Amino acid sequence: MKILLYNPDNGVTRNFMPHLWMFLLQALTPPGHEVVLIDGNAQPIDEAGIARYIREHNIELVGIGAMTRMIAKAYRMADAARAAGAKVVMGGPHVTELPDEALGRDGGKRHADAVALGEADATWPRIVEDAARGTLQDVYAPVDDTGKERKPSLQAYPVIPWDKIKLDQFNLLPAFMQPLLKRVGDGWGTFRIVPMESGRGCPYGCEFCTVTGFFGDSIRFRSNESVVNELLLLKARAREERGQIAVFFIDDNFAINVKRTKSLLRDIIAANAQVHWVAQISANLLRDEELVDLIAASGGKWIFIGMESIDPANLADVKKGFNKPSEYAAVLERLAQRNVYAITSFIFGMDNDTTGVAERTLEQIRSWPPGLPIFGLLTPLPSTPLYKRLEAAGRLTRVKHWQEFIPFAMAHTPLKMSIEEAHNEVRIGWVNSYSPEAIEKAVDSLNQKPLGYRINILIARLCFRGIYFPQMGRFAWLRIALENRRTISKLIKQGFGGGLHAPAAPAAVQTAGD
Ligand code: B12
Ligand code: SF4
């Protein structure tokens with residue numbers, strides 16, 4: 001049977017990194033079937049396009065995975081795939097939370113023939129075999145014979161054949177420059193950011209987050225050996241194609257078990273399996289100096305920290321009181337001393353936020369080492385405790401906000417300001433962090449560092465700017481380069497002045513961030 005796995009585009013940014021679920025399910029597919037992948041962020045495709053693809057390639061089964069913000073597009077593509085004659089199975093966080101919506105059991109249209117609930121590592125092979133036999137069920141749940149929920153152990157993790165997988169759609173460098181770039185340094189013919197998991201689960205249960213509900217509060221890890229081998233496979237591929245690879249450890253909290261993380265990082269160093277990497281780690285776990293030393297020595301370059309707010313009352317409201325704003329500065333200094341920088345994520349529109357929250361937050365950010373601040377709005381994702389609280393209080397203004405997704409728009413009313421005011425705070429955060437002046441200041445603040453670090457922060461800021469300000473296409477990039485010409489020419493002059501030391505990290509690694 002020919003199977004297509006498809007992930008819809010998010011409509012805002014191009015893909016900087018493929019989605020892990022597609023490679024994982026491909027690796028877990030029983031032998032005898034052919035699996036092709038289309039990531040809409042890398043290969044944009046519409047309803048007519050998917051229908052044509054299905055007919056031309058005789059696709060019999062289409063697997064679609066999507067987050068809540070992409071679900072409307074996912075349903076439209078599922079409808080088109082079914083109309084073209086393929087069976088459709090949907091999985092991922094949104095349909096796990098609302099399976100009846102995908103199956104048309106809530107009074108709406110049916111979009112999927114089957115839904116895979118939760119982690120599908122064990123159910124996927126069964127889904128494929130059932131589809132091949134023509135006996136696809138409506139719902140596949142990760143349960144044992146007695147009906148008890150069974151989370152996959154990651155101890156027997158499949159080998160994802162990174163040395164053989166076709167990754168053409170995931171090169172971040174333009175194809176026409178490849179022959180030339182291959183000859184630069186160790187080779188820059190390709191540059192890929194690859195997702196990798198070392199463990200699953202987070203016990204913290206923050207009110208707005210789906211992770212604890214989805215993956216459970218029992219944390220499971222892969223063996224160090226399997227992670228190290230995967231890194232070695234990726235390193236070998238990069239060498240072979242004279243390109244660069246960076247890894248995004250997508251674990252929700254990469255250091256949730258500090259002892260185990262240290263042991264993994266030591267094994268990575270011992271096996272010489274270092275690549276540049278990014279990971280998400282909560283601020284409270286970065287108090288540990290030895291951990292931060294190992295992060296730097298094992299290739300860690302950027303740490304994503306969900307700071308959310310500088311107001312302890314807000315953090316307590318969303319059950320994230322373990323974040324201590326008073327230690328944010330020390331944590332960031334500790335990282336910066338080892339040339340590791342942070343992607344700092346903030347949420348506005350929380351219940352204790354009042355107008356001026358953006359400026360108060362920016363004031364703090366300006367006193368920290370330079371990083372990549374990002375700003376979002378409190379969003380009630382289905383099935384989260386936050387959604388239930390706001391629904392019970394009658395505060396949801398767009399009950400099914402995902403049916404008509406609008407980027408950076410609230411779906412409920414904050415307590416101490418209006419929705420428009422909250423939107424304005426987010427705008428202030430982005431404008432002030434990504435204006436040419438702010439970017440120049442961030443680059444200048446690294447004047448004591450080798451030029452490579454300053455180039456990295458410049459490219460990273462320009463890429464991250466695109467999360468809020470639409471900048472897809474060549475002309476948009478040209479305009480941004482013009483706006484930032486002062487900073488760019490300063491760096492060029494310094495480069496010719498002989499200040500260029502070994503670059504710190506592959507620049508595009510900085511486009512990561514949840
Ligand atoms: C990596 C990641 C990202 C990447 C996404 C790009 C990428 N290439 O991966 C980045 C950093 C860009 C990102 C951004 C955002 N993210 Co994010 N992200 C993650 C993260 C940490 C890991 C995803 C992952 O690979 N998991 C590991 C794989 C193995 O798990 P999985 O994807 O769930 O797949 C399993 C099952 O779901 C199932 N499955 C999945 N798809 C399918 C399809 C089929 C057919 C089948 C059968 C099964 C199946 O099988 C898989 C194996 O068991 C998750 C949290 C998490 N731990 O999953 C959040 C998560 C997916 N993100 C989330 C959110 C909210 C966001 C943002 C909206 C945040 C924000 N406020 O801006 C943005 C949106 C970005 C955008 N513009 O699209 C939420 C989504 C919740 C929801 N209901 O939609 C999550 C769950 C985290 C959370 N806090 O709740 N994110
Ligand atoms: S926000 Fe982060 S720390 Fe909180 S439950 Fe989600 S993954 Fe865990």
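Atoms within a ligand are numbered from 1 in the order they appear, just like the ligands themselves. Because the structure is a prediction, the values reported are computed rather than measured.
- Contacts with ligand 1 closer than 4.0 Å are made by no heavy atom of F208, backbone or side chain.
- Which parts of ligand 1 touch A116 is read off a 4.0 Å heavy-atom cut-off, strictly below it: atoms 47 (C).
- Every heavy atom of F304 sits 4.0 Å or more from the atoms of ligand 1.
- Between W124 and ligand 1, a contact under 3.5 Å exists for no N or O pair.
- Counting heavy atoms from C-beta outward, V88 and I64 have side chains that approach closer than 4.5 Å.
- Applying the 4.0 Å criterion to heavy atoms of Q280 picks out, from ligand 1, the atoms 21 (C).
- Side-chain contact between N456 and Y341 is absent, with no heavy-atom pair separated by less than 4.5 Å.
- Atom CG of N284 and atom CG of N253 lie 7.0 Å apart (nearest 0.5 Å).
- Among residues two or more places apart in sequence or in another chain, the side-chain hydrogen bond (donor to acceptor under 3.5 Å, both in side chains) test is passed with Y140 by D130.
- Under a 4.0 Å criterion applied to the non-hydrogen atoms of F215, ligand 1 contributes the atoms 30 (O), 33 (O), 56 (C), 57 (N), 58 (O).
- Listed by chain and number, the protein atoms of type N/O/S under 2.8 Å from atom 4 (Fe) of ligand 2 are C206 SG; waters are omitted.
- Within the 4.0 Å heavy-atom shell around ligand 1 one does not find G376.
- Comparing I250, V88, L117, V62 by heavy-atom distance to atom 27 (C) of ligand 1, the nearest is I250.
- Every pair passing ring-ring contact (aromatic ring centres under 6.0 Å, His included) that includes a residue from residues 58-97 is listed here, sequence neighbours excluded: Y75-H111, H94-W402.
- In terms of polar-atom proximity, defined here as any N/O pair under 3.5 Å, M17 does make such a contact with ligand 1.
- Using a 4.0 Å cut-off between charged nitrogen and carboxylate oxygen, R222 and E197 do not count as a salt-bridge pair.
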(Q) Assess the residue pair E60 and K2 against the criterion (salt bridge (charged side-chain N to carboxylate O under 4.0 Å, His left out)); give the C-alpha distance rounded to whole Å, side-chain angles, the decisive distance to 0.1 Å, and a yes or no. (A) CA-CA 6 Å; E60 289 173 67; K2 237 177 144 184; over 6 Å; no
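- Looking at R110 and D79, no side-chain N of the basic residue comes within less than 4.0 Å of a carboxylate O on the acidic one, giving no salt bridge.
- Between the side chain of N323 and the backbone N or O of G306 there is at least one donor-acceptor pair closer than 3.5 Å.
- Under 4.0 angstrom from ligand 1, the non-hydrogen atoms of T68 come from both its backbone and its side chain.
- Partners of E391 according to the side-chain hydrogen bond (donor to acceptor under 3.5 Å, both in side chains) rule, which considers only residues two or more places apart in sequence or in another chain, do not exist here.
- Across G65, A120, C206, A66, heavy-atom proximity to atom 48 (C) of ligand 1 is greatest for A120.
- Ligand-side atoms of ligand 1 in range of P18: 7 (C), 8 (N), 9 (O), range being under 4.0 angstrom from any heavy atom.
- Interatomic distance, F248 CZ to W277 CH2, rounded to the nearest 0.5 Å: 11.0 Å.
- No side-chain heavy atom of F346 sits less than 4.5 Å from a side-chain heavy atom of I374.
- C202 does not count as a contact of ligand 1, since none of its heavy atoms falls under 4.0 Å from the ligand.
- P203 is not listed as a side-chain neighbour of T212, based on a closest heavy-atom distance of 4.5 Å or more.
- Using a 4.5 Å heavy-atom threshold, the side chains of V36 and I3 count as separate.
- Annotation for ligand 1: atoms under 4.0 Å from non-hydrogen atoms of G63 are 45 (C).
- The atoms of ligand 1 that sit less than 4.0 Å from any heavy atom of H19 are 6 (C), 7 (C), 8 (N), 9 (O).
- A heavy-atom distance below 4.5 Å is found between the side chains of N7 and W21.
- Considering only non-hydrogen atoms, atom 68 (C) of ligand 1 lies nearest to R69 out of E119, H94, R69.
- When L381, T96, D121, I71 are ranked by how near their heavy atoms come to atom 52 (C) of ligand 1, first place goes to D121.
- Close contacts of ligand 1 with V89, meaning ligand atoms under 4.0 Å from a residue heavy atom, involve 45 (C).
- F254 pairs in a side-chain contact (heavy atoms from CB on, under 4.5 Å) with only one of the listed residues (I303, L285, L265), which is L265.
- Heavy-atom proximity to L25, at under 4.0 Å, picks out these atoms of ligand 1: 44 (C), 46 (C), 47 (C), 48 (C).
- For the ligand labelled ligand 1, residue L5 lies outside the 4.0 Å heavy-atom shell.
- Closest heavy-atom approach to atom 85 (C) of ligand 1 within the set T210, V95, L154, T379: this belongs to T210.
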